[in-house]
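Here is the structure we will look at, set down as structure tokens.
From a predicted model like this one, the values you see are computed outputs, not experimental measurements. One-based numbering, in listed order, for ligands and for the atoms of each.
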Amino acid sequence: MSLLSANGLTKIYDHHTAVNDVSFQFGAGKCIALIGPNGAGKTTTLRMLSGLIKPTSGTIHYAAKKKNADIRGLIGYLPQHPVFFKWMSGKEFLMYAGRLAHLSKEEAHKRSEQLLDRVGLSDAANKKIGKYSGGMKQRLGIAQALIHQPKLLMLDEPVSSLDPIGRREILTLLEELKQEITVLFSTHILSDADEVSDELLLLHEGSIVESGSMSDLREKYQTAKIELGFE
Ligand code: ATP
């Protein structure tokens, strides 16, 4: 059974179609990469899936959603440009996120400690975020996205702004996390998608042009690479 299915998702801004009739589904326990060049519609698709914006048309179905429940409880979302309060320590930031997610003080404390350990930031727990490297900030952002124990972790371009060390840290973390939670992430870099995802959705000018595993798509991708200009 699918964890998530999207049917005919379309987003039109004024007269510009950012996402056009996108349909896909995937089951729990998968790691899916949404890949496409700048402006392909990745962020718009993720924002619709996470409930941040409404589709102009189309439907999204989450199997785990209970009647009248807010889908945001099921999703941990890390935006492309997350906001961090640099004067807070990593621990304070997670406590704050936990309290916003309606955890009790004790739960927020316990969950923050677990997550700092999970993303390899225990030693930097009391360090100000302003002193964190880009990779450390992204790891903290992933911890924040996981604070309420979602079913699906959704990450928008989690490695695109990082140096090679930070990029490697996040790809390794995703490789580990996908054993524990379903992951959907966007990227414009094929090698990143290839490295950690089980399935790819290739988005171009708002439409899905290919989908499947890397081995399914390898041959087709040679053409797509030239036509779509991915890295
Ligand atoms: P990038 O990696 O550059 O963020 P993307 O694949 O995430 O690209 P989107 O940000 O989803 O693409 O944008 C898809 C298209 O929709 C682009 O042409 C963009 O300019 C347009 N768009 C996105 N958000 C808005 C908005 N709020 N208002 C108007 N147009 C928008």
- Kindly assign one of parallel, tilted or perpendicular to the pair Tyr96 and Phe85, based on the angle between their ring planes and the thresholds 30° and 60°. perpendicular

- Could you see which bit of Ser186 sits under 4.0 Å from ligand 1, with heavy atoms only: side chain, backbone, both or neither? neither

- Could you tell me whether His188 approaches ligand 1 through its side chain, its backbone, both or neither, with non-hydrogen atoms closer than 4.0 Å? neither

- Note on the structure: Nearest non-hydrogen protein atom to atom 8 (O) of ligand 1, with distance, is Gly39 N, 2.7 Å

- For Ala40, counting its heavy atoms only, list the atoms of ligand 1 lying under 4.0 Å from any of them. 5 (P), 6 (O), 12 (O)

- Item | Smallest separation among heavy atoms of Tyr132 and Gly90, with atom names | OH-CA, 3.3 Å

- Near Pro37 (heavy-atom distance under 4.0 Å), the atoms of ligand 1 are 6 (O)

- Task: Assess Gly36 for proximity to ligand 1: is some non-hydrogen atom of it under 4.0 Å away?
- Result: no

- Item | Residue pair Lys42 / Leu34: nearest heavy atoms and the distance that separates them | CD-O, 3.7 Å

- Query: Is there a path of hydrophobic side-chain contacts, each under 4.5 Å between heavy atoms of I, L, V, M, F, W or Y residues, that connects Phe185 with Leu140?
  - Reply: yes

- Any protein heavy atom nearer than 4.0 Å to atom 26 (C) of ligand 1: yes

- If two hydrophobic side chains count as joined below 4.5 Å and joins carry through other members, does Leu174 share a cluster with Leu121? yes

- To the nearest 0.1 Å, how far is atom 23 (C) of ligand 1 from its closest protein heavy atom, and which atom is that? Tyr13 CE1, 3.7 Å

- Item | Test log, rule side-chain hydrogen bond (donor to acceptor under 3.5 Å, both in side chains), inputs Asp21 and Thr10 | CA-CA 5 Å; Asp21 195 19; Thr10 297; 5.0 Å; no

- Check the hydrophobic clustering (I, L, V, M, F, W, Y; side-chain heavy atoms under 4.5 Å; chains of links allowed) and say if Leu115 and Met88 are grouped together. yes

- Task: Check each atom of ligand 1 against the heavy atoms of Thr43 and keep those under 4.0 Å away; list them by number with element.
- Result: 4 (O), 5 (P), 7 (O), 10 (O), 11 (O)

- Message: Checking contacts now, so for atom 20 (O) of ligand 1, which I'm interested in, is there any protein heavy atom under 4.0 Å?
- Response: no

- Show which atoms of ligand 1 fall inside a sub-4.0 Å distance from at least one heavy-atom site of Glu157. 2 (O)

- Under a heavy-atom criterion of less than 4.0 Å, does Gln80 contact ligand 1? yes

- Query: Which of the listed options, Thr187, Ile12, Thr44, holds the heavy atom that is closest to atom 13 (O) of ligand 1?
  - Reply: Thr44

- Message: Give me the atom names and distance for the closest heavy-atom approach of Cys31 to Lys178.
- Response: CB-CD, 3.7 Å

- Ion pair Asp192/Arg167, N-O distance below 4.0 Å: yes

- Item | His16, any N or O under 3.5 Å of ligand 1 N or O | yes

- Message: Between Arg168 and Glu195, does any NZ, NE, NH1 or NH2 come within less than 4.0 Å of an OD or OE carboxylate oxygen?
- Response: yes

- Protein residue, atom and distance nearest to atom 16 (O) of ligand 1, heavy-atom basis: Ala18 CB, 3.2 Å

- Item | Protein contact of atom 12 (O) of ligand 1 - nearest heavy atom, named by residue and atom, plus distance | Gly41 N, 3.1 Å

